[in-house]
Amino acid sequence: MLKVEHLTKVYPGGTVALKDLSFEVEDGEFLVVIGLSGSGKSTLLRCINRLIDPTEGKITMDGADITAAKGAELRHIRRQIGMIFQHFNLVKRSSVMTNVLNGRLGYLNPWLSTMGIFPAEEKKRAQQALARLGIEDKVHSRADELSGGQQQRVGIARTLMQEPKLILADEPVASLDPVLAHSILQYLEQLNKDDKVTVICSLHYLDLIQRYATRVIGLKDGVKVFEGLPSEINRVKFKEIYGEEAQDIRATALE
Amino acid sequence: MAKKHKIFVQPLSNNHMTKTKTAPKWLAILLSAFLPGLGQAFQRRIRTGLYIFLAFATSLAVVFWDRGYTGAESSSWMIIPALIWLWNIFNVAFFPKASSALIPVFLWLILAYGVGAKVTEFNLPALFQNVGRSQTMIREILHPDFVQPLTEKRTGFSEIESPCSSALKAPNHSTGDVTVTILQPCANNGDIITIEGSGFWPNESVTVAWHIPIGPQAMSTTVMSDAQGNVKLDWQVLPIVYSNAPDPSIPQIHRVVLTQEHPSGGIELSSVGGYVLQGISETLGLAFLSTIVGALFAIPFGFLAARNLMTGSPIGTLFYFIIRTILNITRSIEALIMAIIFVIIVGLGPFPGMIALTIHTTAALGKLYSEVIEGIDAGPIEAIRATGANWLQVVRFAVIPQIVPSFTALTIYRWDINVRSSTIIGFVGGGGIGFFLWQWIILQDFRAVGSSFFAIAVVVIIMDFLSAQIRERLV
């Protein structure tokens, strides 16, 4: 479904974030990307929806060349790819409703939506998305009045509005406590299993990786150092990816 | 790293030890006597030495400057650098390790206060001796003139010939219920005439005025009406009634006018009050318009002066620096100075004040807006772009919600500032209450000055309160 070929990203300062990275993702996979901060995980996810333009290489989704897309074509590809962020990236002063509706912008008439006019069925869709995530009572709250876990659920609801084929999740649980981390990842798993949405997610905790991932890619300094099943990651592999000083960290240390 | 550090430190501390041990005291004293602070520096007290030197040098410079300023041959302030010099030698001789420079700094402060008092012609007694001078002025200022009681008027007059030519009696004239009669048909200089009036409000004062044919009233007096509202008065004709006549011997018809003013309950705006109201509304309008127009102009400048938007490319960076510089220079020119220039160009009135304030507002708000834009969170922008939204939608849903509350709050704050500035701008002819205030100060109409002070204070307090309330709700 998604094919990444010889992807390289060099930032203007000369930092090489990704080096000749190639892999494939099949439909319905829950792919987890692991690696230290600065290993290129975020850059990789942002190259897939072209928030960052890769320096070299090619990314195709269902045969469509993402790296060559421009303008309206790029926006049509983007609206099929949902994205979830570590810091939720909600518009804090806007209401939950507006934040969720924002997920639909790629489908709507740009002029009408800019004037703040949303069709009634889109509002209903937003209500349903919030209901699915159990926060329908927060519709009229301002986004910054919500707790971290609720904000991330609004983030997922916003992504649901895109009816995505693929969800990119950039450390979605890194700002949340372990219980919330499981809750959020369970929503992603549900989307993955029930709605057949492919998920590419970056994570740090070994137990979360083993619990949710169907396949794992390990990055180190922008180079792929591991690709395989979650069960294949043992302490030795983990130290290879995270370096000698790494401890086996688990989200749920006290069980 | 650690090794290198050791090698570097070791010889220096050795050096330090040997020097302090062998430094001869007499040499340090000699050096300090030659140049204050040098001895201390020689004793490895560089900082203390520097302070002493600076205190000595600057106090000496101040004393010389003061001598030149006053033209005196010598200055008694010379004692301060001399004391610093003495203390410096004393310090080297007896406290070779002390690091305090408190005493020279203290001496220096005494000098600074002393010279400062002289330059500002400091004269505290004058403040108390001459308080009486301001009494009338302050009393008038504290007795502002906004309104006056609403009055009704009853008036009537009778004509009289003076000096006498014939026995013809001039007719009576009445207004409403008032009738005025003069018993004598005519009067010569020094005669006593009897005036009778009826139909006035009872037991209130009536003004009696002698109007000559051309020119102002010549004589006037007051009389109380009785319980029936009648008035009777004997009045002597004085030579002043002929002062404007070309020939006092030619008979002319004069008028005796009786007027009574009676408070009718209720109040009306006095003429000063009317001008104050006009000035205040002009000031508010001027401030409002210049804020709105300035804010509109400031928006593009704000974006062009935002570092995070502009410094992506070399051309953008160039623009950023040019716009920043223009904004900074414009902002540093006081609106009052601009108003002086625009008064010359477009003439007196609110318009030049409005232009000056608009320009200053544009520069000030442009800078503040750019800081808001620099402070926005890139996360939501990224998130909205990722949904497939176009540029317009990204601006509408990710940028505007982040900047609008701050922009509005800053604009209201600026309006508040502009109301205050526009009162001052009136002083140079920029219209508004300041223009009236300036004229009343020149005319020494201190009741009117007081009225404008109170009006300005009330408006500023209200504006301050409102803008604080609105801003609190927005941010």
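- The candidate from B/Ile381, B/Val394, B/Asp377, B/Thr387 with the greatest count of non-hydrogen atom pairs under 4.5 Å with chain A is B/Thr387.
- In this structure, B/Ile345 places its CD1 atom where more than 12 heavy-atom neighbours from other residues, nucleotides or ligands lie under 6.0 Å away.
- In the model, A/Ser113 has no side-chain atom that pairs as donor or acceptor with a side-chain atom of A/Tyr107 under 3.5 Å.
- Only the side chain of A/Asn49 comes within contact range of chain B, with at least one heavy atom under 4.5 Å from a heavy atom of that chain.
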CA sep, side-chain torsions, deciding dist, call: A/Gln151, A/His87, side chain to side chain contact (heavy atoms under 4.5 Å, CB included): CA-CA 9 Å; A/Gln151 289 196 33; A/His87 298 294; over 6 Å; no
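- In this structure, the portions of B/Asn390 lying under 4.5 Å from any heavy atom of chain A include both its backbone and its side chain.
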Salt bridge (charged side-chain N to carboxylate O under 4.0 Å, His left out) evaluation trace for A/Glu121 with A/Arg125: CA-CA 6 Å; A/Glu121 72 256 28; A/Arg125 191 197 299 272; over 6 Å; no
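- Of the listed residues (A/Leu105, A/Leu90, A/Thr98), the one with the most heavy-atom contacts under 4.5 Å to chain B is A/Leu105.
- For the set A/Met115, A/Gln80, A/Arg79, A/Arg50, the entry with the most heavy-atom pairs within less than 4.5 Å of chain B is A/Arg79.
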Step-by-step salt bridge (charged side-chain N to carboxylate O under 4.0 Å, His left out) determination, A/Glu171 to A/Lys41: CA-CA 9 Å; A/Glu171 302 193 22; A/Lys41 301 187 300 296; 3.6 Å; yes
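- Heavy-atom distances place the backbone of A/Ile81, and not its side chain, under 4.5 Å from chain B.
- With a 4.5 angstrom heavy-atom cutoff, A/Ser94 touches chain B only via side-chain atoms.
- Of the listed residues A/Met83, A/Arg104, A/Arg46, the one with more heavy-atom pairs under 4.5 angstrom with chain B than any other is A/Arg46.
- With hydrogens and angles left out, the side-chain atoms of A/Arg153 and A/Ser183 include no donor and acceptor closer than 3.5 Å.
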